[in-house]
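What follows is a single structure, written as structure tokens, with notes after it.
Remember, it's a predicted structure, so these values are computed and weren't measured experimentally. Naming: A, B, ... by sequence-line order, numbering from 1 per chain.
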Amino acid sequence: MEMVVVAPPAPGRLEDLRRRFFATPLQAVLSLACLTIMVFLAWKLLNWAVFSAVFTTSGGPEACQAAAGACWSVIAARWRIIFFGLYPYEEQWRSALACVVVVVMTVLSCIPVFWTGRRIALVWGAGTALFYVLMKGGVLGLAHVGEEAWGGLALTLFIFVTTCLVGFPLAICLALLRRSELPWISRTTGLIIDGVRSLPLISILFTFAVVLPFALPQWLQGDKLYRVILGSALFFSAYQAEIVRGGMQGVPTGQEEAAMALGMRYWQRIGRILLPQAMRNALPATINQFVISFKETSLVIIVGFFEILASGNAAYGTGEWRFAYVEVYAFIAFIYFVFVFSLSRYGAFLERRMSISER
Amino acid sequence: MISGNSTEPGGPALRIENLDKYYGTFHALRRVNLAVERGERIVVCGPSGSGKSTMIRCINRLEQHNGGRIAVLGTELNDDVGNIDEIRREVGMVFQHFNLFPHMTVLENCMLSPMIVRKQPRAQAEATARRYLEKVRIPEQAMKYPGQLSGGQQQRVAIARALCMQPQIMLFDEPTSALDPEMVSEVLDVMVTLASEGMTMICVTHEMGFARRVADRVIFMDSGEIVEEAPPETFFTTPRNERTRQFLSQVLDH
Ligand SMILES: Nc1ncnc2c1ncn2[C@@H]1O[C@H](COP(=O)(O)OP(=O)(O)OP(=O)(O)O)[C@@H](O)[C@H]1O
Ligand SMILES: [Mg+2]
């Protein structure tokens, strides 16, 4: 005889709400109170940001200041400074294009089709070169713009991308050296990693930007921007190395033994067996580290660079818009949010994709 | 390098002389001697901790020995990386816990090493992989991931993966002891087939039925020594050593 199992009918939406929030009279009162507060706050915010806000620059700062809501005209009037910093006005299209290049390059390398060594290298090599030529000029009839004039979003993106580009391979090298069988190698690497991690990023940036020129010969110094990027890449790699190492520890020793027994050489085992699995284990922490270092790019202010936050300061700091700093910061926060949120959504996509293949 | 000898058909498959292995101060293998001819099937048994795994892991240098000599297919196993690589290419190994690569499909597991170690073209590697998956009777699972298979199926994939390198010697380290009882026979069947085709095999196992059926010699180890070495009939009926008798009564009774 066949048994028919009938699942209990799923509770409806309303029934579910009632059970969750209105189970007892006290709960009902609390739920209603919270709801009221939330609606009130949401209305206030919406009213400030949209209904009473000023969006056009026609009235100038005065009309804006008189309004009850947000003064988005400051963005309309000053967005170029926020995005491009001190980059020469007529050349700012180049800076915009460079930002697009970075975004396209990042998006491309997030697509699984591009996950072979050669394609990734091609995308990043070509992308970075294009970015550099666009920003710096001096060739192809583009006017030369020195690094000291770079700024705004373009500079933030440039620092972030190059930090990861240099820092990530460095992190993998450090993690591999740290698990070396030769004690003096693993100990020294451990010392370097812990040393760098025990220093505040600010002090590293300061050292690389200001102190290093005294210690290095002229030809080794390079531009201040690249020294700063090197410093921040070093900092990134120290943290990321520990994340990668943690991921490696999660790979059972049997995996490497099986690879050895199949005749694979050291780099084949690392590249095909150990790292792919270690990076999977390390993915959530890695995304987190990317987010952190994206936000930490703002620290380059202290060594005199006009990345997006500093450009924001400049945008409202020139007298007439001085009152509108909340709007400027809200706008910059929104830009940060767009980048960080896409990064974490992408991380979630990757985790989903991998859990499908591993089950 | 004595690499030229490895293709020579006549020489012994494996020669172990006075092998010593220490873990720190612990003496895990004590002057072990063993010679295996081509096409011979050896079963190694013994109580837990007696050094069975250690011995067969020395053969492909998963463990480094501290004294004595090992020559595999005429190639001396020493610090020469070229020799180690050559020996590992010719010696397949199957582990207790399968050790399949979880981030690759079954087919990719089987194709990877032939492609990157033996430099076979993809099409050839795939054809070989499919042939061996057929042989271990799971051709339909080729596109699945190891995590989606049962223990017995995973172990058969592991055997196929090792065979895809077309090794001359196969090492098995307790290939069935991590399996549920009902899956043991499907793996043993594959091993029996392999043995009947003339593969040189060294199997650490407690499956005495398997030893009776296919072994040319059974080797009993205890405390890092080879205590007894005999054809299965002699080994099971008239063991000479007291420790062997004890061990056999434990294994066969339960
Ligand atoms: N990496 C190691 N470090 C220290 N001691 C070890 C190591 N591997 C094995 N040993 C010791 O060496 C001895 C032999 O171990 P081995 O794994 O070869 O035993 P075995 O015969 O395979 O046992 P089992 O049947 O439990 O697998 C054991 O006493 C074990 O504790
Ligand atoms: Mg063992």
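- For B:Phe95, the part lying near chain A is the side chain, with the backbone staying farther off; criterion is any non-hydrogen pair under 4.5 Å.
- Distance check: A:Met264 CE to B:Met165 CE gives 8.0 Å after rounding to the nearest 0.5 Å.
- Heavy-atom distances place no part of B:Arg118 under 4.5 Å from chain A, backbone and side chain included.
- Residue A:Gln255 comes nearest to B:Pro102 through the heavy atom pair OE1-CD, 3.4 Å, listed as atom of the first residue, atom of the second, then distance.
- Nearest heavy-atom pair across B:Asn99 and A:Ala258 is O-CB, 3.5 Å.
- When every heavy atom of B:Ala162 is checked against every heavy atom of A:Leu262, the shortest pair comes out as CA-CD2, 4.3 Å.
- Side chains of A:Tyr266 and B:Val81 form no contact here, defined as non-hydrogen atoms less than 4.5 Å apart.
- Minimum heavy-atom separation, A:Gln268 to B:Ile116: NE2-O, 3.0 Å.
- Taking a 6.0 Å sphere around CZ of B:Arg131, one finds it holds more than 12 heavy atoms contributed by other residues, nucleotides or ligands.
- One finds the CE atom of A:Met260 at 11.5 Å from the CE atom of B:Met93 (value rounded to the nearest 0.5 Å).
- Pairing each heavy atom of B:Leu112 with each of A:Ile273, the nearest pair is CD2-CD1, 3.8 Å.
- Here B:Leu100 is the residue among B:Val91, B:Leu100, B:Val94 with the most heavy-atom pairs under 4.5 Å with chain A.
- A:Arg345 CZ: 12 or fewer foreign heavy atoms inside a 6.0 Å radius.
- B:Met104 approaches A:Arg272 most closely through the heavy-atom pair CE-O, 3.6 Å.
- The neighbour count for B:Arg137 CZ, taken as heavy atoms of other residues, nucleotides or ligands under 6.0 Å away, is above 12.
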